[in-house]
**Q** 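Please find one structure pasted underneath; my questions will follow.
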Amino acid sequence: MSLFEYAPALESTAIVNIADKYNLFINGKFVAPKSRKYFPTINPATGKQLSMIAEAGAADVDLAVTAARNAYVKVWSKMPAAERGKYLFRIARILQERAREFAVLETLDNGKPIRESRDTDIPLVAAHFFYHAGWADKLDHAGLGSAPKPHGVVGQIIPWNFPMLMLAWKVAPALATGNTVVLKPAETTSLTALLFAEVCQQAGLPDGVVNIVTGAGATGAAIVNHPGIDKVAFTGSTDVGKLIATSIAGTKKSATLELGGKAANIVFDDAAIDEAVEGIVNGIFFNQGHVCCAGSRLLVQENIHDEVLEKLKVRMSHLRLGNPLDKNTDIGAINSAAQLAKIKELSAAGDAEGAERWSPPCELPTDGFWFAPTIFTGVSQTHRIAREEIFGPVLSILTFRTPQEAIEKANNTPYGLSAGVWSEKGSKILWTASKLRAGVVWANTFNKFDPASPFGGYKESGWGREGGRHGLSAYLKASN
């Protein structure tokens with residue numbers, strides 16, 4: 001018997017009403033796709049189908065862009081900024097009122113633990129709409145001179161790891177700055193975006209201001225390549241980001257691209273070890289490691305390696321993997337069979353290249369997609385698990401002797417999205433942060449977000465920033 005036995009504490013799904021079939025949301029209404037094609041969305045924790053989702057083709061995207069253009073020209077761009085802000089405030093309040101509904105649906109469709117959906121994702125979603133609602137009538141202070149102008153129609157493509165949070169990161173600043181939106185959620189996690197469409201209706205948002213088209217890569221490509229799109233905002237893999245950059249080269253479209261990462265979490269020998277271990281666990285196992293800024297490379301000063309490793313193994317042994325709807329669950333399901341296969345393939349490469357794998361005793365459910373929290377020791381800089389983004393609950397542990405060596409190892413990556421530094425000395429933290437080529441550096445913490453703080457990376461981690469004034473300015477043009 002373990003030290004603590006937790007009785008199941010399941011969140012009820014009665015608050016969620018999942019339809020058998022979902023259509024596209026265009027010009028304020030749900031409409032069937034021209035192709036009449038639909039695809040299934042499943043619960044990754046069980047492998048069972050939740051619903052059927054419309055597959056938007058080029059003709060559907062064209063209708064959505066036309067609706068967004070009409071709404072921009074006739075209504076949204078002409079509306080006083082303070083009035084636009086009222087709509088965002090209204091959306092934010094409705095999201096708070098329906099927070100439990102969104103949290104349960106997010107967990108069902110995505111596989112993440114209900115604690116994370118309920119306590120992190122959805123509160124941050126509402127916070128982003130509240131924050132940007134306040135900016136709507138203050139755009140003269142966004143850093144682009146007086147009376148900056150919106151781009152027009154924005155095409156937005158979001159990933160499956162934080163479906164609603166990424167929607168908020170994209171939609172809230174776009175609306176606050178006077179743009180209209182054509183948004184495509186990930187094909188495996190479309191349900192909360194379609195529930196958000198109902199929120200837009202409930203808030204009385206003018207028809208066509210927000211349009212949601214569902215589908216896979218071909219739908220996203222149709223948005224990116226549509227001549228009526230003025231700006232593209234994408235969060236996802238670096239490979240797809242490169243394709244988008246190639247597609248819009250030679251056009252007048254602007255873009256923000258928030259792409260992959262391989263963050264270094266650096267622990268110096270003067271760090272508070274127990275606190276650092278909690279940060280390490282949060283950095284890599286939060287949301288099953290499905291985080292672009294996950295601390296997937298742990299750099300530990302050599303003389304404390306054994307102590308950190310021992311305490312990390314003890315802490316991992318207390319992680320609870322299982323039903324995402326159980327409020328006790330720490331590690332939920334992997335989002336899809338394809339992602340599970342990628343995690344397994346890269347982990348096998350770690351074994352083949354000589355790294356030593358360790359996972360705590362962990363009984364995996366027989367249904368759905370699951371992977372035990374895993375660490376690799378004996379990792380070198382050349383190993384694939386140290387260089388490629390795994391996007392799962394897998395941590396590569398490396399050591400260093402001097403601060404300069406830590407910097408060289410941390411920066412030895414094509415990515416540059418985030419990093420963490422653990423030390424009791426403020427001067428060491430500031431020196432390290434100044435040397436790291438990472439867009440976000442956390443000090444004695446990890447995975448902390450705020451709507452007022454810009455987020456984004458260097459190198460192959462993308463272009464531009466999201467959040468804060470810097471993210472807001474990406475949706476504006478300086479007035480002539």
Side-chain angles (χ1 to χ4, degrees), residues 17-42 49-76 105 109 151-160 163-164 166-167 170-171 174-175 179-202 205-236 240 243-244 247-248 251 253 255 336 338:
N17 181 24
I18 301 178
D20 293 334
K21 182 173 71 174
Y22 285 88
N23 287 317
L24 311 172
F25 184 68
I26 297 174
N27 203 29
K29 299 176 182 64
F30 286 96
V31 297
K34 296 291 186 183
S35 66
R36 303 290 173 176
K37 291 182 180 179
Y38 294 81
F39 60 91
T41 187
I42 66 172
Q49 181 176 311
L50 293 169
S51 185
M52 296 294 290
I53 308 295
E55 182 178 339
D60 302 299
V61 170
D62 187 60
L63 286 176
V65 174
T66 300
R69 178 66 62 189
N70 288 337
Y72 173 75
V73 172
K74 297 176 181 178
V75 181
W76 201 240
L105 187 59
D109 203 25
H151 287 279
V153 178
V154 180
Q156 302 180 326
I157 302 169
I158 57 176
W160 47 260
M164 271 303 292
M166 294 299 98
L167 180 150
K170 300 285 189 291
V171 174
L175 299 191
N179 298 278
T180 56
V181 167
V182 177
L183 178 128
K184 188 196 87 68
E187 62 268 30
T188 60
T189 53
S190 299
L191 292 182
T192 46
L194 295 166
L195 185 61
F196 178 77
E198 294 182 17
V199 170
C200 292
Q201 291 177 322
Q202 187 179 344
L205 194 69
D207 293 348
V209 172
V210 169
N211 305 271
I212 298 175
V213 292
T214 48
T219 306
I223 293 173
V224 170
N225 295 317
H226 196 286
I229 294 292
D230 300 305
K231 171 184 165 55
V232 175
F234 171 77
T235 296
V240 175
L243 291 175
I244 291 173
S247 296
I248 65 174
T251 73
K253 296 175 184 177
S336 67

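The first residue of the sequence shown is numbered 1, and numbering continues consecutively from there. Predicted model only: the values in this text are computed from it and were never measured.
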**Q** Could you check whether any side-chain N or O of Asn70 sits under 3.5 Å from a backbone N or O of Ala67, counting only pairs where one atom can act as donor and the other as acceptor?
**A**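 Absent.
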
**Q** Among all residues two or more places apart in sequence or in another chain, which pass the side-chain contact (heavy atoms from CB on, under 4.5 Å) test with Ala174?
**A**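 Here the qualifying residues are Gln156, Asn179, Val181, Tyr475.
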
**Q** Determine whether a donor-acceptor pair (N or O, by modelled atom type, separation under 3.5 Å) exists between the side chain of Ser51 and the backbone of Ala19.
**A**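 Judged by distance alone, yes, a pair lies under 3.5 Å.
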
**Q** Evaluate the criterion side-chain contact (heavy atoms from CB on, under 4.5 Å) for residue pair Thr219 and Val61; output intermediate values, then yes/no.
**A** CA-CA 7 Å; Thr219 306; Val61 170; 4.1 Å; yes

**Q** Measure the CG-OG1 distance between Asp230 and Thr180 for me, rounded to the nearest 0.5 Å.
**A**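 Separation between the atoms: 8.0 Å.
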
**Q** Tell me, please, which residues at least two apart from Pro206 pass side-chain contact (heavy atoms from CB on, under 4.5 Å).
**A**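 Counting only residues at least two positions away or on another chain, Pro206 forms a side-chain contact (heavy atoms from CB on, under 4.5 Å) with Val75, Trp76, Met79, Tyr87, Val209.
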
**Q** OG1/Thr214 to CG/Leu24 distance, rounded to the nearest 0.5 angstrom?
**A**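 It comes to 5.0 Å.
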
**Q** Using the side-chain contact (heavy atoms from CB on, under 4.5 Å) rule, take Val213 and Val182 through it: C-alpha gap first, then chi angles, then the decisive distance, then the call.
**A** CA-CA 7 Å; Val213 292; Val182 177; 4.0 Å; yes

**Q** What distance separates Met52 CE from Phe39 CZ, expressed to the nearest 0.5 Å?
**A**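 With rounding to 0.5 Å, CE (Met52) is 8.5 Å from CZ (Phe39).
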
**Q** Taking Asn225's backbone N and O only, do any of them form a donor-acceptor pair with Ser247's side chain (distance below 3.5 Å, no angle check)?
**A**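 Here the side-chain-to-backbone pair does not exist.
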
**Q** Once you round to the nearest 0.5 Å, how far does OG1 of Thr192 lie from CD of Glu198?
**A**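 Output value for this atom pair is 11.5 Å.
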
**Q** Got a sec, which residues hit salt bridge (charged side-chain N to carboxylate O under 4.0 Å, His left out) with Glu187, two or more places apart in sequence or on another chain?
**A**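 Salt bridge (charged side-chain N to carboxylate O under 4.0 Å, His left out) check on Glu187 returns Lys184.
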
**Q** Can you tell me how far apart CH2 (Trp160) and CD1 (Ile158) are? Round to the nearest 0.5 Å.
**A**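 CD1 of Ile158 is found 13.0 Å from CH2 of Trp160.
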
**Q** Residues in salt bridge (charged side-chain N to carboxylate O under 4.0 Å, His left out) with Lys34, at least two apart?
**A**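 Salt bridge (charged side-chain N to carboxylate O under 4.0 Å, His left out) list for Lys34, sorted by chain: empty.
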
**Q** Using side-chain heavy atoms (C-beta onward) and a distance below 4.5 Å, is Ile53 in contact with Leu191?
**A**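 When only atoms from C-beta onward are counted, Leu191 and Ile53 do touch, with a gap below 4.5 Å.
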
**Q** Using atom types as modelled and distance alone, determine if a side-chain donor or acceptor of Asp109 lies under 3.5 Å from a backbone N or O of Ser190.
**A**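 It does hold such a pair.
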
**Q** Going by the rule side chain to side chain donor-acceptor pair (under 3.5 Å), which residues pair with Thr235 if we only count those two or more places apart in sequence or in a different chain?
**A**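 Residues passing side chain to side chain donor-acceptor pair (under 3.5 Å) with Thr235: Lys170.
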
**Q** To the nearest 0.5 Å, what is the distance between CG (Leu167) and OG1 (Thr189)?
**A**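 One finds 10.5 Å between CG of Leu167 and OG1 of Thr189.
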
**Q** Taking only residues two or more places apart in sequence, or in another chain, which ones meet Asp62 in a salt bridge (charged side-chain N to carboxylate O under 4.0 Å, His left out)?
**A**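 Applying salt bridge (charged side-chain N to carboxylate O under 4.0 Å, His left out) to Asp62 gives none.
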
**Q** Apply side-chain contact (heavy atoms from CB on, under 4.5 Å) to residues Leu183 and Val210 and explain how you reach the verdict.
**A** CA-CA 8 Å; Leu183 178 128; Val210 169; 5.7 Å; no

